[in-house]
Amino acid sequence: MPFDRIVIRRPDDWHVHLRDGAMLKAVLPFTARQFGRAIVMPNLKPPVTTTADADAYRGRILAALPDGVSFTPLMTAYLTDGTDAGDLARGFADGVFAAAKLYPANATTNSAHGVTDIARIAPVLERMAEIGMPLLIHGEVTDQSVDIFDREAVFIDSILAPLLERHPTLRVVLEHVTTSEAVQFVRAHAASGRIGATITAHHLLINRSHIFQGGIRPHLYCLPIAKRETHRVALVEAATSGDGPFFLGTDTAPHTVTAKEAACGCAGCFTAANALEVYAEAFEDAGALDKLEAFASLNGPRFYNLPVSEERVVLERRPSVAPDLILVSEGDAVLPFRSGETLRWSFGGTV
Ligand code: DOR
Ligand code: ZN
């Protein structure tokens with residue numbers, strides 16, 4: 001019996017970029033419409049590095065929420081070589097921080113202030129392990145001589161595996177996994193209960209050939225970059241398994257059309273405008289709609305030791321058209337993933 005209507009606990013998005021200012025105002029309603037909570041990335045300019053920064057940013061997010069929408073931003077700290085472990089621990093104890101994010105310096109957008117050598121933050125990681133604060137990792141090496149399609153797999157071998165050995169109780173989320181190596185690694189450590197992985201909607205649907213289909217498609221360029229089809233298949237298998245370590249994280253990363261369609265275009269796919277519809281397509285294609293709730297609404301809260309949502313949302317199998325350009329400021333806009341295309345599923349709101 002095909003599903004024509006699915007009701008699931010309201011999902012959370014365990015990896016979003018909400019930005020700030022006019023962009024925040026433009027994109028936040030999309031995330032808050034579908035998701036009850038979201039882990040908010042700290043790579044603003046300048047980055048969110050202290051408890052005070054995060055508290056102020058959380059205030060700006062709440063102020064930008066449309067009236068009557070219930071949504072909880074979960075804040076993260078941007079780790080630098082100079083992170084103050086005391087401030088981080090206080091922010092976690094006070095409920096300001098849900099986690100801390102490791103950007104290897106210069107790995108991706110706004111990561112110039114990131115960590116230059118993981119050994120430098122060993123005392124911070126020790127403290128995080130002690131207090132149970134999760135470390136969220138952008139898992140790519142920054143050595144430009146490593147092929148861009150290999151940077152995640154090399155990171156896992158050369159940095160992540162030794163890191164887990166050095167810090168045997170540290171809880172880690174490998175963010176936006178894109179390779180079968182990442183899936184295998186997470187599965188190999190699953191029994192410890194201390195590793196999770198987010199998977200984006202776009203990495204479930206595109207492989208690297210899509211980025212060059214008929215010409216260069218800058219709106220499909222993100223980091224980590226989409227890999228070969230075999231890797232996409234491994235990600236679909238992981239997401240649709242319903243297994244505990246794998247949970248939803250869109251990595252929705254809005255950039256203006258001007259910034260995307262440039263000689264040196266920014267990395268990021270803006271998927272917040274139709275995230276659940278697109279995930280539903282991927283799960284339906286895999287014959288696994290019955291696993292969507294585990295991936296979207298149950299596994300993440302379990303990892304983060306948070307209650308599952310008591311709200312419910314509905315998805316219906318009726319065509320919806322992904323929104324067109326979303327205006328950010330005069331003369332600039334963001335283009336949603338699959339803009340203008342017809343999607344098979346519609347988001348029916350909370351029930
Ligand atoms: O594609 C990406 N965009 N990957 C990241 O890691 C950062 C993000 C952004 O902030 O635009
Ligand atoms: Zn991201």
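First listed ligand is number 1; within each ligand, the first listed atom is number 1.
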*Measure Asn110 to ligand 1 on non-hydrogen atoms and call it side chain, backbone, both or neither using the 4.0 Å cut-off.*
neither

*Any chance the side chains of Thr350 and Glu311 put a donor and an acceptor closer than 3.5 Å?*
no

_Please confirm whether Lys101 approaches ligand 1 to less than 4.0 Å, judged on its heavy atoms._
no

*When you measure from atom 7 (C) of ligand 1 to every protein heavy atom, which one gives the shortest distance, and what is it?*
Thr108 OG1, 3.3 Å

_Regarding ligand 1, does Leu223 bring an N or O atom to under 3.5 Å of one of the ligand's N or O atoms?_
yes

*Using distance alone, with no hydrogens and no angle criterion, decide if Ser320 and Glu277 have a side-chain donor and acceptor under 3.5 Å apart.*
no

*So which of the N, O or S atoms of Asp251 lies nearest the Zn ion (ligand 2)?*
OD1

*Below 4.0 angstrom from a heavy atom of Cys222, which ligand 1 atoms are there? Numbered from 1 as shown, please.*
1 (O)

*Assign the ring pair Phe283 / Phe295 to parallel, tilted or perpendicular, where the plane angle (0 to 90°) is split at 30° and 60°.*
tilted

*asked:* Among the N/O/S atoms of His15, which is closest to the Zn ion (ligand 2)? Give the atom name.
replied: NE2

*Does the side chain of Thr258 come under 3.5 Å of the side chain of Asp332 through a donor N or O and an acceptor N or O?*
yes

*Under-4.0 Å salt bridge between Arg10 and Glu310*: no

_Going by the closest heavy atom to atom 11 (O) of ligand 1, which one wins out of His17, His202, His255, His15?_
His255

*Give the atoms of ligand 1, by number and element, whose distance to some non-hydrogen atom of His138 is under 4.0 Å.*
6 (O)

*asked:* Let's go through His202 and Arg338 carefully: what are the C-alpha distance in whole Å and the side-chain angles of both, what is the deciding distance for side-chain hydrogen bond (donor to acceptor under 3.5 Å, both in side chains) to 0.1 Å, and is it a yes or a no?
replied: CA-CA 10 Å; His202 50 287; Arg338 299 186 110 191; over 6 Å; no

*For ligand 1, is there an N or O atom under 3.5 Å from any N or O atom of Asn43?*
yes

*Give the contacting part of Glu175 toward ligand 1: side chain, backbone, both or neither, where contact means a heavy-atom distance below 4.0 Å.*
neither

*asked:* Between Ser297 (side chain only) and Ala294 (backbone N and O only), is there a donor and an acceptor less than 3.5 Å apart?
replied: no

_Test your reading of the structure: does Tyr221 have an N or O sitting under 3.5 Å from an N or O of ligand 1?_
no

*Under 4.0 Å from any heavy atom of Ala253, which atoms of ligand 1 are there?*
3 (N), 8 (C), 9 (C), 11 (O)

*Strictly under 2.8 Å, is any N, O or S atom of His17 next to the Zn ion (ligand 2)?*
yes

*Under 6.0 Å between ring centres, would you say that holds for Trp14 and Tyr304?*
yes

_Can you confirm whether the side chains of Thr200 and His203 place a donor and an acceptor under 3.5 Å from each other?_
yes

*Is any side-chain N of the basic residue among Arg187 and Glu237 closer than 4.0 Å to the acidic one's carboxylate O?*
yes

*Is the closest N or O pair between Gly268 and ligand 1 shorter than 3.5 Å?*
yes

*Do any nitrogen or oxygen atoms of Ala267 lie less than 3.5 angstrom from nitrogen or oxygen atoms of ligand 1?*
yes

